[in-house]
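In the text below, chain A, chain B and the rest are named by the order of the sequence lines, each starting its count at 1. None of the values given here were measured: they were computed from a predicted structure.
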Number of protein chains: 2
Amino acid sequence: MIDHTSLLNSGAVLKKYKRGEFLFREGSIARYYYQVHQGEIKMNNYNQEGKEYIQGIFTKEKSFGEPPLFADFKYPANAEAIVDSEVWQLPKEKFLKFLEENPDIHHKFTSTLALRLYYKAIMVSEISTQEPEHRILRILDYFKKNSDPNTIESNTYKVELTRQQLADLTGLRVETVIRSIKKLEQKGELFIKDRKVYR
Amino acid sequence: MIDHTSLLNSGAVLKKYKRGEFLFREGSIARYYYQVHQGEIKMNNYNQEGKEYIQGIFTKEKSFGEPPLFADFKYPANAEAIVDSEVWQLPKEKFLKFLEENPDIHHKFTSTLALRLYYKAIMVSEISTQEPEHRILRILDYFKKNSDPNTIESNTYKVELTRQQLADLTGLRVETVIRSIKKLEQKGELFIKDRKVYR
DNA sequence: ATGGTTTTATGATCTTAATCATAAAAAAGT
DNA sequence: ACTTTTTTATGATTAAGATCATAAAACCAT
């Protein structure tokens, strides 16, 4: 989202996180702007029984956790490294100062927020009114749409998400996802090769 | 959100809608900024079987449906009048021009977006991992928090939502909401007087 | 006042996804 | 190479909330 030179000039530092490590926790105060440099970060919630809901997965150059920097509230979810990762960290004040000096980038962030709101509106409606197969297709199409176009061969997108991750993104259980995917394959909505899902 | 004088100066008009009338439909292109003047507007989705999900309810002076004005996508939900209402309507271009000329208000919209994202993140996680009673309390507390402080007597908030609306906001069925509310009353989490819920 | 609509209410039954149990294949770590 | 962990897989059972049916109370319109 913000180029490396600008990040460095503004005072950002590159932090390393091990797989499974938390960058911040639900309920804590937002002090930094974060942007993935290497690896994968997920934002998630756990309920009392430990069931996970994944709010989003962020890869190379994607920023996350900005909303509480724009308004006064605490993180609604955790940020956790899915794999060993490197993440740019820029203090809140410096981030906001940078945006003031770069209105064009400020606009980009506004439209990113709007787009994320769009995605959340769709997912919450899906989860509350649609059945498993429908929900799974939505997520697959969302990830397909947001994937690197170069990785899509002959209009076929290879899903790099595990069945468990699909479950945690759709509010389903892993067994339900496995069974639904099989049904979707029978219906011709996707296909499976070497256990990988293609859509 | 935007004061009446500014709205009029920018070229907004006041439109009337009857109860049940749609202001716009899911999938259509956003051409206007909307702000409630009188009445109540809900944004919602219907699935194939007609089951409704209410994304949000907007009252006096609240704006809605702005996200697609900031990025390039179509409405993810409908806007429908809950009661006879009057709504300010300002063409997209004039709205964006107004924001450019008023950076302070632009900031307000950004933080409104951020806050709405916060609410959606909480609701989607609730709906996918929490049980009925928990979800209902969340919604009640959200509406309590966003209610006019003058209407709260001795820290007790009177819920003006119907059981059906609570159901459509939480992805539950009306019977489940009715039964859950009764249980919550037994547990002392809320009380019912003349069929109205107080929290 | 009266008839129609909406809202709240409650019991009975059903259905779907969750849960539980178990295991094999694949991937990762030492 | 071998052990451990993760991921995918499948069958059996359960439970929670949805669905169905019905009705009374409250509200609204004329």
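Atom CG in B:Leu166 sits about 12 Å away from atom P in C:dT7, given to the nearest Å. Nucleotide D:dG17 holds its C1' atom 12 Å from the CD1 atom of B:Ile136, rounded to whole Å. Atom NZ in A:Lys193 sits roughly 18 Å away from atom C1' in D:dT8 (whole-Å rounding). Rounded to whole angstrom, the span from the CD atom of A:Gln165 across to the C1' atom of D:dT7 amounts to 11 Å. In this structure, CZ of A:Arg163 is placed 9 Å from C1' of D:dA9, rounded to the nearest angstrom. Atoms NZ (B:Lys196) and C1' (D:dC27) sit 11 Å apart, rounded to a whole Å. As rounded to whole Å, 14 Å separates atom C1' of D:dC27 from atom CD of B:Glu160. Between B:Glu131 atom CD and D:dA15 atom P the separation is 15 Å, expressed in whole Å.
Taking the six-membered ring for Trp, A:Phe24 and A:Tyr34 have ring centres closer than 6.0 Å. For A:Phe109 and A:Phe98, the ring centers sit 6.0 Å or farther from each other.
Residues A:Val36 and A:Ile41 come closest through the heavy atom pair CG2-CG1, 3.9 Å. For the pair B:Arg135 and B:Leu172, the tightest heavy-atom approach, listed with the atom from each and the gap, is NH1-CD2, 3.5 Å. Across all non-hydrogen atoms, the minimal contact from B:Arg195 to B:Arg163 is O-NH2, 2.8 Å.
In this structure, B:His106 and A:His106 have perpendicular ring planes: the angle between them is above 60°, well past the 30° mark. A tilted orientation is assigned to the rings of B:Trp88 and B:His4, their planes being inclined by 30° to 60°.
If you run side chain to side chain donor-acceptor pair (under 3.5 Å) between B:Gln55 and each of B:Lys42, B:Lys120, B:Arg116, only B:Lys120 comes through.
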I'd like to compare against my own output: the B/S/- annotation of nucleotides 25-30 of chain C with a strict under-4.0 Å heavy-atom distance to protein. SS----
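Annotation: proximity of residues 173-188 of chain A to DNA chain C (heavy atom, distance under 4.0 Å) is found for A:Arg173, A:Glu175, A:Thr176, A:Arg179, numbered in ascending order.
By the rule that hydrophobic residues join a cluster once side-chain heavy atoms approach within less than 4.5 Å of another member, B:Ile152 and B:Phe143 end up as members of one cluster.
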